[in-house]
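In what follows, a structure is listed as structure tokens, so that the remarks can point back to it.
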Amino acid sequence: MSGRVVLLTTGGTIAMRHDPDAGGLVPDIGGSAARPFPENVCPLDVREFSNIPSPQMTPGRMHALALRVEEELARGDVMGVVIAHGTDTLEETAYFLDLFVDSPKPVCLTAAMRGAEEISPDGPKNLLCAVRTAAAREAEGMGTLVVMNEEIHAAREVTKTHSANPKTFASPFWGPLGYVDADRVIFRRAPVKPLKIRPPRIEDNVHLIKLAAGSDDFFFRCLVEKKAAAGIVVEGFGRGNVPPRAFDGMKLAIENGIPVVLTTRCPGGRVLDIYAYEGGVSQQLKAGVILGGEISGPKARIKLILALGETRDPARIAALFDNP
Ligand code: ASP
């Protein structure tokens, strides 16, 4: 193994300590609570990118992180980059990087569910596995990866499934790409390669509206009346069908020039024009709604944030969503 791995720390539980005065976990000064760093795998450059809990992560910070990752990967002696992150929004940052970063070198996100001072913290082992994956030839060309609990997941497929259990990251319907064993990193399949979206700037004024039985046009009207959105992602039901009054809101947004992307609140499957009743996807398509494929609402929002940085043309946005 020749070369080094760069570890960019962003914060999260992996870098938190219990503060009795604050009454809970808080970011550790310097973001270094995840020690010991696994320096026995290969030379490791540890750099603090930020020291925030991941609910404070923003698309703007993701963009800055993506540029930083590319800068590190451009160095000839760097084999791969590891990012230590909070678990809460990790899948969004991972998907952003997967769509944006254009390099065959591995980018591995990892995290912890337990603070560094708890019994049996999961952070050190997760870091070790992520560094080993970032240094593995087998991981080249696999896109952005999430390495947790010795499993390797594709950024597009992975999601946080449990609010507390350390075995929280899973790829429903697909499973992990591979795993980190005691002697080597093993891949069992390769992810579908995403189309890269690399706008010079991002449009982060994109809102996600999750629908429930009886949802109406209220949030859509607010966004239209306040001229507050450059794009809207909707989480509909099943194949993507929505209540009639919410559909009125979606039409209003489209009439006002706001692209509306449809996703499903189901954890698996695509949205598709199977139903033609009021609010069904057939009617939505005629009204100009863009189908979001099989990615989740939060991930579709990340994709729309990048897509809108590149184009405002609904046909071009639809083409980007028609691709994994
Ligand atoms: N709330 C924390 C965060 O996402 C949880 C974690 O790090 O796992 O930063």
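Remember, it's 1-based here, ligands and their atoms both numbered in the order they're listed.
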Output yes when a side-chain donor or acceptor of Thr311 lies under 3.5 Å from a complementary backbone atom of Asp313, and no otherwise.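 Yes: the side chain of Thr311 pairs with the backbone of Asp313.
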With sequence neighbours excluded, tell me which residues meet side chain to side chain contact (heavy atoms under 4.5 Å, CB included) with Asp102.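 With neighbours one apart ignored, the set is Glu70, Lys196, Arg198.
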Return the set of residues passing ring pair (Phe, Tyr, Trp, His ring centres under 6.0 Å) with His63 (not counting sequence neighbours), or none when no residue passes.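 Ring pair (Phe, Tyr, Trp, His ring centres under 6.0 Å) list for His63, sorted by chain: Phe100.
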Would you please write out the protein residues whose heavy atoms approach any atom of ligand 1 to under 4.0 angstrom, listed by chain and number?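 Under the 4.0 Å cut-off, ligand 1 touches Gly12, Thr13, Pro53, Ser54, Pro55, Gly86, Thr87, Asp88, Ala112.
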Are Lys167 and Glu151 close enough for a salt bridge, meaning some N to O gap below 4.0 Å?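 Salt bridge between Lys167 and Glu151, a charged N being under 4.0 Å from a carboxylate O: yes.
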So, are Asp98 and Arg156 salt-bridged, with charged N and O less than 4.0 Å apart?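 Result for this pair is no, no salt bridge flagged.
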Supply the members, apart from Val192, of the Ile/Leu/Val/Met/Phe/Trp/Tyr cluster built from side-chain contacts under 4.5 Å; use none for a lone residue.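 Besides Val192, the hydrophobic cluster comprises nothing; the residue is isolated.
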